[in-house]
Amino acid sequence: GLDILALSWIFVHFAWLIARVSLCFFHMHAQPVGSENGEEFGSSGVFLPPIFQNFPWGSPNTTLQVHGLCLSLGYFIFDLCWCVYFQTEGALMLAHHLVSIVGIAASLALGESAGDVNAVIFGSEITNPLLQARWFLKELGHYHSLAGDLVDLLFVVLFTGVRIGVGAWLMYCELASPRPRWYIKLGGVVMYVVSWVFMVSICRFARRKSISKYQAWRSRRSRELGWKTNGHLKGH
């Protein structure tokens, strides 16, 4: 009932607070982290079982789906306040959080479409473990290594395949179904548009890093050829 939902909401807020404070305590030299570096490491996995419950789209919420939404609602509200207070994120990420909060609250209030909302959140959060790994590599000074390159590559591939590729299919299914309410469908479209805006930034990042890696390879290759040439000339 409502009492269980209220207790779940309070517990989730308290859990996120403990996790975030603990992170800052053990990394006191680090800057306050934003939504891409918070506790989302485990959040995306929460939504996988609820997604496949009680379909088709727009169906009544199940208990497991409601628990998943309560967990994500607590995270998004807390992280939104964190980002606003520390000014760690731009308008796009704040808009992403606001749309997520409104969509989750609407699904909980209506008692339906939790599967739709969980599917959207799962797709939008699935890349966060790689962002976590990227942040920790930077903190440990190992980002500019093979591990850092691999994390970035996997992130780009996963983002493109899931948030853009699978996301397009999910949006089509949502829009084609007559059951979800129009504002639930609108929320899904907005989230997909946000993903495309992120995709543009990711493409720019991938282009800059690829050019930088290529130039570094050419420079290293030129030095190696220079050393070989000098050694050959000295031998004669």
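Only this structure's heavy atoms are used, side chains among them; waters, hydrogens and symmetry mates stay out.
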Revision key, fill the gap. To the nearest 0.5 Å, atom CG of Leu175 lies from atom CG of Leu186 at 9.5 Å

Review point. Is the backbone N or O of Ser212 less than 3.5 Å from a side-chain atom of Gln215, with the two atoms forming a donor-acceptor pair by type?
Key: no

Exercise for review: Spell out, as yes or no, whether a donor-acceptor pair under 3.5 Å connects the side chain of Ser145 to the backbone of His142.
Suggested key: yes

**Study point:** Check: Arg163 side chain, Ser124 main-chain N or O, donor-acceptor pair, under 3.5 Å
**Key:** yes

Check your understanding: Short question: side chain of Asn61, backbone of Val66 - any donor-acceptor pair under 3.5 Å?
Key -> no

Practice item. Mind listing the closest non-hydrogen atom pair of Glu174 and Pro180 along with its distance? Key: OE2-CB, 3.2 Å

Check your understanding: Is there a donor-acceptor pair under 3.5 Å between the side chain of Asp79 and the backbone N or O of Tyr75?
Key -> no

Review point. Who pairs with Lys213 by salt bridge (Lys or Arg N to Asp or Glu O under 4.0 Å), at least two apart in sequence or on another chain?
Key: Asp149

Point to revise | Rounded distance (nearest 0.5 Å) linking atom CZ of Arg208 with atom SG of Cys203 | key: 11.0 Å

**Study point:** Euclidean distance, Ile164 CD1 relative to Trp196 CH2, rounded to 0.5 Å
**Key:** 5.0 Å

Review point. For the side chain of Ser113 and the backbone of Asp116, is there at least one donor-acceptor N/O pair under 3.5 Å apart?
Key: no

Practice item. Check Cys83 against Leu94 and note the closest heavy-atom contact, atom names and distance. Key: CB-CD2, 3.9 Å

**Study point:** same_hphob_cluster(Ile77, Leu98) at 4.5 Å side-chain heavy-atom cutoff
**Key:** yes

Review point. When clusters are formed by joining ILVMFWY residues with side-chain heavy atoms under 4.5 Å apart, either directly or through shared neighbours, do Leu146 and Trp135 land in the same one?
Key: no

**Study point:** Aromatic plane relationship, Phe155 with Phe159 - under 30° parallel, 30 to 60° tilted, over 60° perpendicular
**Key:** tilted

Review point. Which value, rounded to the nearest 0.5 Å, describes the distance between Lys209 atom NZ and Ile202 atom CD1?
Key: 13.0 Å

Check your understanding: Nearest 0.5 Å, what's the CZ-CD1 distance between Arg179 and Ile184?
Key -> 13.5 Å

Practice item. Using the rule that two of Ile, Leu, Val, Met, Phe, Trp, Tyr join whenever any of their side-chain heavy atoms come within less than 4.5 Å, decide whether Val194 and Val189 are in one cluster. Key: yes

Check your understanding: With hydrophobic residues grouped by side-chain heavy-atom distances under 4.5 Å, do Leu158 and Leu131 end up in a single group?
Key -> yes

Check your understanding: Tracing side-chain links under 4.5 Å among I, L, V, M, F, W and Y, which residues wind up in one group with Tyr214?
Key -> Trp217

Revision key, fill the gap. Interatomic distance, CG@Leu154 vs CZ@Arg134, rounded to 0.5 Å, equals 13.0 Å

Check your understanding: So, does Ser177 use its side chain to make a donor-acceptor pair with the main chain of Cys173 at under 3.5 Å?
Key -> no

Point to revise | Common cluster, Val166/Val157, ILVMFWY with side-chain heavy-atom separation under 4.5 Å | key: no

Point to revise | Side-chain donor or acceptor of Ser107 paired with backbone N/O of Gly103 under 3.5 Å | key: no

Revision key, fill the gap. Those residues at least two apart in sequence (or on a different chain) that pass salt bridge (Lys or Arg N to Asp or Glu O under 4.0 Å) with Glu112 are Arg181

